[in-house]
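First up is the structure itself, then whatever we jot down about it.
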Amino acid sequence: MSKPVIAIHGGAGAISRAALSAEKEQHYIQALSDIVAAGQAILAEGGSALDAVTQTVRLLEECPLFNAGKGAVFTHQGTHELDACVMDGRTCDAGAVAGVSRIRNPILAARAVLENSSHVLFGGEGAERFAANHGLEMVEPDFFFTQERFDQLHRAQAEQGRVLLDHDGAAALSDDPLDPDRKFGTVGAVALDALGNLAAATSTGGMTNKAAGRIGDTPIIGAGCYANNATVAVSSTGTGEIFMRTVAAYDVAALIEYAGLTLQQASDKVVMEKLLAMGGSGGLIAIDRFGNVALPFNSEGMYRGFGYVGDAPSVGIYR
Ligand code: ASP
């Protein structure tokens, strides 16, 4: 059996045109390394894959460098609506929340749904009520406000209402290695534990200037998140509508299960062929039941890292 292993992502996108100091880049590398190490530590102590992905995504939500939880992007209407999902490959149980604006850590709400409800996906106020009833920390919606994301919304709106992706303005203002106006704000984790169980978790603020009420791929099982001990655990980041229409995360599992592809072949086919053919941009992280890791992306960069228990974390931003 493979050594336990964890992989994480902090979103994919285009390289910033800003002159980046080595010091700024180092902040991202350090944060990715620290969070991979936190996941490795959970697995090394015999923790479950489900706990490792939940906790690493919570850390990514809390880290201001990554755009989920605090620092999430704005909708067109100037609000925040966050989505998150977690799936346990052992049982294929899943929990998800969509369109929430008062839950500090949406991934913990998704986990509470997985553990305490026969339902899979809660939206909006019902999700918030469920989270509050299960003792999760609630915040005022302005908790998620950051000036950078607010300025980013105005730049996107000045470009005649485009949603984040093709927007190309003002990257020079940024000291984020990936252009914040052309980067996806999702975070995610996948893991294999010592018992051979897989799990996946994904959390997002969505896409800048999205319409209020829009829900992306992140909380949709099989699109933004999927885990099944029989095959693979996957967490996606990118143009959510295309990940939904291609059922991207599940497609990786299906290609392994029904077409006999390896993890690398299956994830490359989805990211480099099928998503691209429909205009989808982004990437995914995946670990199969043998402990193989794949981190493909078709954008210029993806914040990413992985580590087997006992090894040093391996992290990257660009190709
Ligand atoms: N996939 C996310 C969404 O469409 C965006 C992202 O990955 O940042 O909401």
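Numbers here simply count residues along the sequence, with the first being 1. Counting starts at 1 for both ligands and their atoms, following the listed order.
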So is there a nitrogen or oxygen of Thr186 less than 3.5 Å from a nitrogen or oxygen in ligand 1?
yes

Nearest candidate to atom 9 (O) of ligand 1, where distance is taken over non-hydrogen atoms, out of Arg214, His9, Met207, Glu81
Arg214

Glu241 and Arg214: side chain to side chain contact (heavy atoms under 4.5 Å, CB included), yes or no, with the steps?
CA-CA 10 Å; Glu241 281 68 13; Arg214 175 265 189 189; 2.8 Å; yes

Does the distance from a Lys or Arg side-chain N to an Asp or Glu carboxylate O, for Glu300 and Arg319, drop under 4.0 Å?
no

Between Thr239 and ligand 1, does any nitrogen or oxygen pair lie at a separation below 3.5 Å?
no

Under 4.0 Å from a heavy atom of Thr237: which atoms of ligand 1 are those, numbered in the order shown and with their elements?
6 (C), 7 (O), 8 (O)

Ligand 1 to Asp217, heavy atom cutoff 4.0 Å, flagged ligand atoms 1 (N), 2 (C), 3 (C), 4 (O)

Side-chain heavy atoms nearer than 4.5 Å, only ILVMFWY residues, links allowed to pass through others: does that put Leu284 and Val315 together?
no

Using a plain distance cutoff, I'd like to know if Gly216 has any nitrogen or oxygen under 3.5 Å from a nitrogen or oxygen of ligand 1.
no

Answer yes or no for Gly238: is there a heavy-atom contact with ligand 1 below 4.0 Å?
yes

I would like to know whether His9 and Tyr303 meet ring pair (Phe, Tyr, Trp, His ring centres under 6.0 Å); could you show each step before the answer?
CA-CA 5 Å; His9 71 78; Tyr303 295 114; 10.0 Å; no

Is the shortest side-chain N to carboxylate O distance from Arg104 to Glu61 below 4.0 Å?
no

Which atoms from ligand 1 have a heavy atom of Gly206 less than 4.0 Å away?
9 (O)

Quick check for you: to the nearest 0.5 Å, what is the distance between Leu198 atom CG and Asp88 atom CG?
9.5 Å

